[in-house]
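We count ligands from 1, going down the list as the structure has it; atoms in each ligand are counted the same way. Keep in mind that the numbers below use all heavy atoms, side chains included, and drop hydrogens, waters and symmetry copies. No experiment lies behind these values; they were computed from the predicted model shown.
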Amino acid sequence: MKAALVGVGQAGGKLTQALVRNDRENGYGAVQGALAVNTARQDLTPLDIPTLLIGQDVVSGDGVGGENELGAELMQEDTPEVVNALDGTITSRTEAVFVVAGLGGGTGSGGAPVLVRELKRVYDIPVYCLGVLPGRNEGALYQANAGRSLKTVVREADNTLLVDNDAWHASGESVTDAYAAINQTVAHRIGLLLAAGEATNGVAESVVDSSEIINTLRNGSMAAIGYASADASPDPEENINVVTSTARKSLLTGMSVPETTESDAALVVVAGHPDRIPRKGVERARRWIEDETGSTQVRGGDYPLDSDQLAVLVLLSGITRSDRIESFLDRAREAAKTDPEPDPTEAFQNDELDGLF
Ligand SMILES: Nc1nc2c(ncn2[C@@H]2O[C@H](COP(=O)(O)OP(=O)(O)OP(=O)(O)O)[C@@H](O)[C@H]2O)c(=O)[nH]1
């Protein structure tokens, strides 16, 4: 799938950079171009992708310090500059745009929903949000910001693919190391998903194409991605159980939002050497995912990889129940009670954080 990426805020910029690097290093060629947008100059400086500083007249390049209403306002004012900067990045070949942001801060939290809405007005292709939920130990401001941002972006975007910052956090890691590792992990999974949508070379038995990703994401408003891999035997017959057990692992322990198992639709990609992928195993894994998720539509396909391993990538769309999102929403509601300020920004909804499922 030919995708353009726009990172908003610090997490958005770093994650976008990780996605671009991953795409280049693997030679996928799915990421067509990228831009990082921020109100803080110092967060843009280390990035090696094109950047755009917004809101200079108001915050002089110093960022918005977690004020997501201000982040939304500055994005609103400077949207024409962002759209101009994307000229040449989003082209007639682009099949989807991903707006990437940490939902708990200020610039990304406020700016991403506004940008998604504007891009949807300008372009006739799906605009998705790749949104990072704060970990449970992050402060009340992050939880409240992310709650409002999620509610708004879910309304605006064609779908919101969620990553929980607690999902792949190894204990004992420093925050910086943890972020770098999470960004790598996300880049690997999303990179493989986009690449799978590009595999049209006929090597694999049944490839996924971008319309299957788009059709899967057409169901519901929130999505999550899971992944697991295992060593495979050269004999595909011996790999039937490998594929099914790897599919189980990807759903039960490898999701970007843990404890998320029910969805309206799913896409299952089995990646590996075409000679090692057992058709029977793929079909069994697909059926298991159908039962486990209750999805009425489970699409599937292969992605040819020159590897001794088999990997299973699962995209769940239209998440209908997730204990982790429920407990995040509880935190966000609780945190919002301590923030008596009415929200002046049109971009944010003031209503309760209900009805997301
Ligand atoms: N996964 C991941 N999360 C990050 C990263 N950097 C920050 N975060 C998370 O993103 C949220 C904060 O968003 P930031 O991107 O730092 O904030 P911002 O959008 O730049 O907003 P301001 O700094 O207020 O202008 C928090 O929940 C952080 O835990 C990162 O590199 N990776």
If we number the atoms of ligand 1 from 1 as shown, the ones under 4.0 Å from a heavy atom of Pro134 are 27 (O)

Electrostatic pair Glu290-Arg287, nearest N-O below 4.0 angstrom: no

Residue pairs, two or more places apart or on separate chains, that pass side-chain hydrogen bond (donor to acceptor under 3.5 Å, both in side chains) and touch residues 22-38: Asn22-Asn26, Gln32-Thr94

Kindly list each side-chain donor-acceptor pair under 3.5 angstrom involving residues 227-234, sequence neighbours excluded, with atom names and distances?
from   : atom 1 : to     : atom 2 : distance (Å)
Asp231 : OD1    : Gln309 : NE2    : 2.9
Ser233 : OG     : Asp235 : N      : 3.0
Ser233 : OG     : Glu238 : OE1    : 3.1

Would you kindly specify which portion of Glu138 sits under 4.0 Å from ligand 1, judged on non-hydrogen atoms: side chain, backbone, both or neither? side chain

Heavy-atom contacts with Val64 under 4.0 Å: which atoms of ligand 1 show up? List them by number with element. 24 (O), 25 (O)

Which is closest to atom 7 (C) of ligand 1 in terms of heavy atoms, Gly63, Ala11, Ala180? Ala11

Neighbour count >12 (heavy atoms, 6.0 Å) for atom CD, Glu81: yes

With heavy-atom distances below 4.0 Å as the criterion, list the atoms of ligand 1 near Gly65. 24 (O)

I'd like to know if the side chain of Thr39 pairs up with that of Thr107 as donor and acceptor (distance under 3.5 Å, no hydrogens or angles considered). yes

Does atom CG of Asp291 have more than 12 heavy-atom neighbours, drawn from other residues, nucleotides or ligands, at distances under 6.0 Å? yes

What protein heavy atom sits nearest atom 28 (C) of ligand 1, and how far away is it? Tyr179 OH, 3.0 Å

Short check: is a protein heavy atom less than 4.0 Å from atom 23 (O) of ligand 1? no

N/O of Val132 under 3.5 Å from N/O of ligand 1, yes or no? no

I'd like to know if Arg276 pairs up with Asp308 as an ion pair, taking the criterion as any Lys NZ or Arg NE/NH1/NH2 lying under 4.0 Å from an Asp or Glu carboxylate oxygen. yes

List every atom of ligand 1 that sits less than 4.0 Å from any heavy atom of Ile182, numbering the atoms from 1 in the order shown and giving each element. 1 (N)

Among Thr107, Asn137, Asn38, Asn165, which one has a heavy atom closest to atom 9 (C) of ligand 1? Asn165

Ligand-side contact atoms (ligand 1) for residue partner Gly106, heavy atom cut-off under 4.0 Å: 18 (P), 19 (O), 21 (O), 22 (P), 24 (O)

For Val243 and Gly281, the nearest pair of non-hydrogen atoms, with its separation, is CG1-O, 3.6 Å

Say you draw a straight line from OG1 of Thr16 to CD1 of Ile190; how long is it, rounded to the nearest 0.5 Å? 11.0 Å

Element-labelled atoms of ligand 1 that are located less than 4.0 Å from some non-hydrogen atom of Lys14: 6 (N), 30 (C), 31 (O)

Closest candidate by heavy atom, reference atom 19 (O) of ligand 1, pool Ser149, Gly108, Gly105: Gly108

For ligand 1, which atoms sit closer than 4.0 Å to a heavy atom of Tyr142? 12 (C), 26 (C), 27 (O)

May I ask you to list the atoms of ligand 1 that are less than 4.0 angstrom from any heavy atom of Asn183? 1 (N), 2 (C), 30 (C), 31 (O), 32 (N)

Asp164 side-chain N/O to Pro258 backbone N/O, donor-acceptor pair under 3.5 Å: no

Proximity of Gln10 to ligand 1 by residue part, where a heavy atom lies under 4.0 Å: both

